[in-house]
Amino acid sequence: MSNHLFDAIRGAASSDAPFIETPDGRAWSYGDMLGLSGRLAAALDTLGVQPGDRVAVQVEKSPEALMLYLACLRAGAVYLPLNTAYTLAELNYFIGDAEPRLVVVAPKSKAGILPVAERYGAHVETLDHAGGGSLLDLAQDEDPDFLDAARGPDDLAAILYTSGTTGRSKGAMLTHDNLLSNAAALRDHWRFTAADRLIHALPIFHTHGLFVASNVILLSGASMYFLAKFDADEALRLMATATALMGVPTFYVRLAQHPGLTRAATAGMRLFVSGSAPLLAETHRAFAERTGHAILERYGMTETNMNTSNPYDGARVAGTVGMPLPGVSLRVTDPESGAALAGGETGMIEIKGPNVFKGYWRMPEKTAAEFRQDGFFITGDLGKIDDAGYLHIVGRGKDLVISGGYNIYPKEVETEIDEMPGVIESAVIGVPHPDLGEGVTAVVVRKKDAAVDEKAVLDGLMERLARYKQPKRVIFVDELPRNTMGKVQKNVLREVYARLYQLGAGKADHTADTPKRAN
Ligand code: MCA
Ligand code: AMP
């Protein structure tokens with residue numbers, strides 16, 4: 001039986017070749033990968049997971065967690081990875097919406113998740129980052145030669161939740177071919193071969209670490225150092241025996257500040273890729289000056305996988321995200337009418353191709369609203385194409401903050417703050433942050449004489465929202481700036497607080513400011 005994505009992975013796997021190594025000296029070959037993912041797929045089958053069933057997974061990063069993703073592909077299940085930072089309140093929504101057959105969590109989270117899972121009829125198992133947990137116990141007794149479930153190109157491989165600009169998070173449905181076509185295009189474009197060794201320091205619950213990094217390595221039969229999280233010292237140490245690094249801009253900002261970043265330290269590396277958020281041209285330049293390497297920037301989205309990339313050969317232009325990948329069609333349009341714009345004009349970036357997702361899980365209207373009649377997906381990113389054909393992302397048509405590569409939808413944070421006692425209203429914005437790119441910042445109007453302060457707001461959010469969504473600062477103002485239509489002018493707030501996180505900007509300077517009203 002054919003399994004569209006896993007057959008391709010199997011085809012690239014040479015049993016004796018190394019696949020994963022961890023800093024504590026554990027190692028897996030491709031043969032080990034086939035065996036463990038086969039046992040885990042068999043365990044899923046024993047637990048009653050059928051092709052098409054969702055398997056929700058919130059566990060710490062580990063090689064076993066990656067094997068569980070592969071096991072889901074092999075069992076025909078739909079993999080649903082969840083950020084380890086999500087609170088129980090957030091998990092409740094995802095589990096209720098996706099209705100998974102099975103939820104896999106870290107042992108410490110089991111007691112908390114049980115009532116939620118029970119409410120929606122899901123079974124709970126555990127996976128431990130140290131290589132234990134109930135699921136691995138079950139897998140131990142299973143046959144490694146699992147007969148993979150039949151899955152075609154259009155069958156679902158994964159659902160990844162992306163927050164919505166209004167209200168509820170949406171589950172992006174990704175098919176076997178969305179993932180395979182994109183990973184194969186990236187492998188070829190970035191020249192990955194079995195000789196490569198990637199420093200993998202990204203989380204594996206998002207597109208970047210799971211599909212871009214891991215699938216490209218799997219389809220190349222290459223290997224990776226698998227780190228629980230990014231650490232500049234460790235990354236630099238591993239560069240002596242690695243060939244490539246994929247990261248968010250924060251990785252490169254931190255590396256560029258490290259005294260150990262030199263030509264000698266990076267001499268064996270052939271490729272540094274950046275994405276998920278804009279890489280500042282100054283970071284690109286600083287990195288090139290220190291190492292001689294031009295970071296290769298690319299652009300993608302959960303819904304579309306990767307869309308564009310700077311060239312492998314040829315100029316990697318700082319501040320641009322390059323050209324469409326082979327097979328991907330890209331156009332820039334008038335955001336209102338959808339009419340295509342001429343080169344050099346700024347408009348909405350729209351994408352079509354085998355990389356583009358199938359739609360939002362159980363949200364046909366939302367899906368329809370984000371596609372044009374002719375099948376182009378409306379990204380919400382604003383851009384322009386220059387004379388040389390490079391795409392520049394010049395802004396966002398969507399109200400979104402990207403902090404350290406994680407997306408935060410202000411509406412979700414504002415809704416929580418607005419419900420707090422003593423609060424009249426709030427506006428959440430992203431302002432330049434030297435380490436994270438943008439810092440989540442809340443501007444709040446409180447009731448006259450209300451006792452609510454910065455600490456009360458932050459404490460109130462602790463149990464409700466993942467840590468990375470919580471504001472780094474909360475500022476109180478008398479009123480929010482509004483235009484004549486009554487809409488809050490976030491651009492004015494972003495200007496007023498633009499220097500908030502710059503070194504030396506005093507906390508007291510920004511409390512109780514009233515931004516100027518502008519039209
Ligand atoms: C951690 N913290 C953060 C973030 N990460 N706060 C804001 N933004 C963040 N990104 C908080 C923690 O809760 C903690 O708070 C404090 O900062 C330090 O935590 P620590 O774990 O030490 O942070 P770190 O290890 O230094 O993490 C920063 C990081 C990490 C390395 C930038 O966030 C990261 O790996 N980001 C990658 C995200 C990613 O993979 N994005 C791709 C999405 P406290 O101490 O107060 O408790 S896919 C995507 O966007 C599309 C498809 C694409 O194009 O790729
Ligand atoms: P996500 O919803 O996590 O998939 O994030 C996708 C968003 O990240 C895109 O719509 C862009 O706004 C942003 N993004 C990804 N890569 C880049 C990049 N290289 N430069 C600027 N923005 C990027």
Side-chain angles (χ1 to χ4, degrees), residues 60-61 81 83-87 160-165 169-170 172 174 182 186 200-214 227-232 234-235 246-255 273-281 283-284 295-310 318-322 348-351 355 357 370 377-383 390-409 430 433 435-441 458 461-462 465-472 501:
E60 296 300 327
K61 181 177 176 182
N83 193 323
T84 46
Y86 288 150
T87 62
L160 266 62
Y161 275 86
T162 79
S163 306
T165 38
S169 283
K170 301 167 287 186
L174 295 153
N182 206 239
L186 295 173
H200 190 307
L202 289 158
I204 54 168
F205 40 68
H206 283 310
T207 296
H208 199 163
L210 187 60
F211 303 139
V212 181
S214 304
L227 312 183
K229 57 187 274 192
F230 177 74
D231 175 79
E234 177 121 55
M246 294 185 196
V248 295
T250 300
F251 287 18
Y252 295 105
V253 168
R254 292 184 186 177
L255 283 168
V273 179
S274 177
S276 306
L279 179 76
L280 292 180
T283 310
H284 191 280
I295 298 170
L296 186 156
E297 186 170 5
R298 57 54 173 185
Y299 157 61
M301 269 183 91
T302 302
E303 287 92 333
T304 63
N305 298 287
M306 298 306 103
N307 300 315
T308 69
S309 169
N310 267 277
T320 83
V321 292
M348 178 63 69
I349 300 170
E350 297 185 6
I351 302 287
N355 52 317
F357 76 138
E370 301 207 14
F377 174 68
I378 306 164
T379 61
D381 292 313
L382 302 175
Y390 288 75
L391 177 68
H392 300 237
I393 298 179
V394 296
R396 295 177 203 134
K398 50 194 173 191
D399 192 13
L400 163 71
V401 179
I402 307 183
S403 164
Y406 286 138
N407 288 8
I408 297 103
Y409 280 87
H433 189 287
D435 182 45
L436 298 167
E438 293 178 329
V440 178
T441 305
L458 295 178
L461 293 175
M462 197 56 93
L465 295 178
R467 194 83 180 94
Y468 69 89
K469 297 180 189 171
Q470 297 172 23
K472 299 283 176 210
Y501 299 108

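Nothing fancy with the numbering, it's 1 onward along the sequence. Start at 1 and go down the list; that is how both ligands and their atoms are numbered.
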Nitrogen or oxygen atoms of [X] and ligand 2 under 3.5 Å apart:
X	value
S276	yes
T302	yes
T379	no

Worksheet item: Is any N or O atom of Y299, backbone or side chain, closer than 3.5 Å to an N or O atom of ligand 1?
Response: no
Worksheet item: Is Y468 close to ligand 1, meaning an N/O of one under 3.5 Å from an N/O of the other?
Response: no
[atom] - nearest protein heavy atom and its distance:
atom	value
atom 54 (O) of ligand 1	R298 NH1, 2.7 Å
atom 24 (P) of ligand 1	R254 NH1, 3.9 Å
atom 19 (N) of ligand 2	R298 O, 2.7 Å
atom 37 (C) of ligand 1	G404 O, 3.3 Å
atom 17 (C) of ligand 2	A277 N, 3.6 Å
atom 9 (C) of ligand 2	D381 OD2, 3.3 Å
atom 7 (C) of ligand 2	G300 O, 4.0 Å
atom 10 (N) of ligand 1	S403 O, 2.9 Å
atom 31 (C) of ligand 1	F251 CE1, 3.8 Å
atom 5 (N) of ligand 1	Y406 CE1, 4.2 Å

Discussion item. For I402, is there any backbone N or O sitting under 3.5 Å from a side-chain donor or acceptor partner on E438?
Written reply: yes
Quick check on contacts: which atoms of ligand 2 are under 4.0 angstrom from a heavy atom of [X]?
X	result
P278	20 (N), 21 (C), 22 (N)
I393	20 (N), 21 (C), 22 (N)
I402	8 (O), 13 (C)
E297	18 (C), 19 (N), 20 (N)

Discussion item. So, 4.0 Å and heavy atoms of G209: is ligand 1 close enough to count as a contact?
Written reply: no
Fill in: Selection from K229, Q470, E438 by shortest heavy-atom distance to atom 21 (O) of ligand 1
K229
Worksheet item: Where the closest heavy atom to atom 40 (O) of ligand 1 is concerned, which of S276, P203, G405, A172 has it?
Response: P203
Item to complete: Please work out whether any backbone atom (N, CA, C, O) or any side-chain heavy atom from C-beta onward of H206 is under 4.0 Å from ligand 2, and answer side chain, backbone, both or neither.
Response: neither
Worksheet entry | S274, portion touching ligand 2 at heavy-atom distance under 4.0 Å | neither
List ligand 1 atoms under 4.0 Å from [X], heavy atoms only on the residue side.
X	value
H206	43 (C), 48 (S)
G300	54 (O)
R467	13 (O), 15 (O), 44 (P), 46 (O), 47 (O)
L202	40 (O)

Residue part near ligand 1, for [X], under 4.0 Å between non-hydrogen atoms:
X	value
K472	side chain
H208	both
H433	neither

Distance (rounded to the nearest 0.5 Å) between [X] [atom1] and [Y] [atom2]:
X	Y	atom1	atom2	result
R467	L461	CZ	CG	10.0 Å
N407	T302	CG	OG1	6.5 Å
F377	I351	CZ	CD1	9.0 Å

Worksheet item: Looking at R298, H206, M246, which hits side-chain contact (heavy atoms from CB on, under 4.5 Å) with S276?
Response: R298
Fill in: Of I393, N310, T320, the residue whose pairing with E297 passes side-chain contact (heavy atoms from CB on, under 4.5 Å)
N310
Worksheet item: Does a side chain donor of either S403 or H433 reach within less than 3.5 Å of an acceptor in the other side chain?
Response: no
Worksheet entry | Pair Y501-T441, side-chain donor/acceptor within less than 3.5 Å | yes
Discussion item. Which label fits Y406 and F205: parallel for a plane angle under 30°, tilted from 30 to 60°, or perpendicular past 60°?
Written reply: parallel
For ligand 2, is there an atom lying under 4.0 Å from some heavy atom of [X]?
X	result
K398	yes
N407	yes
T207	no

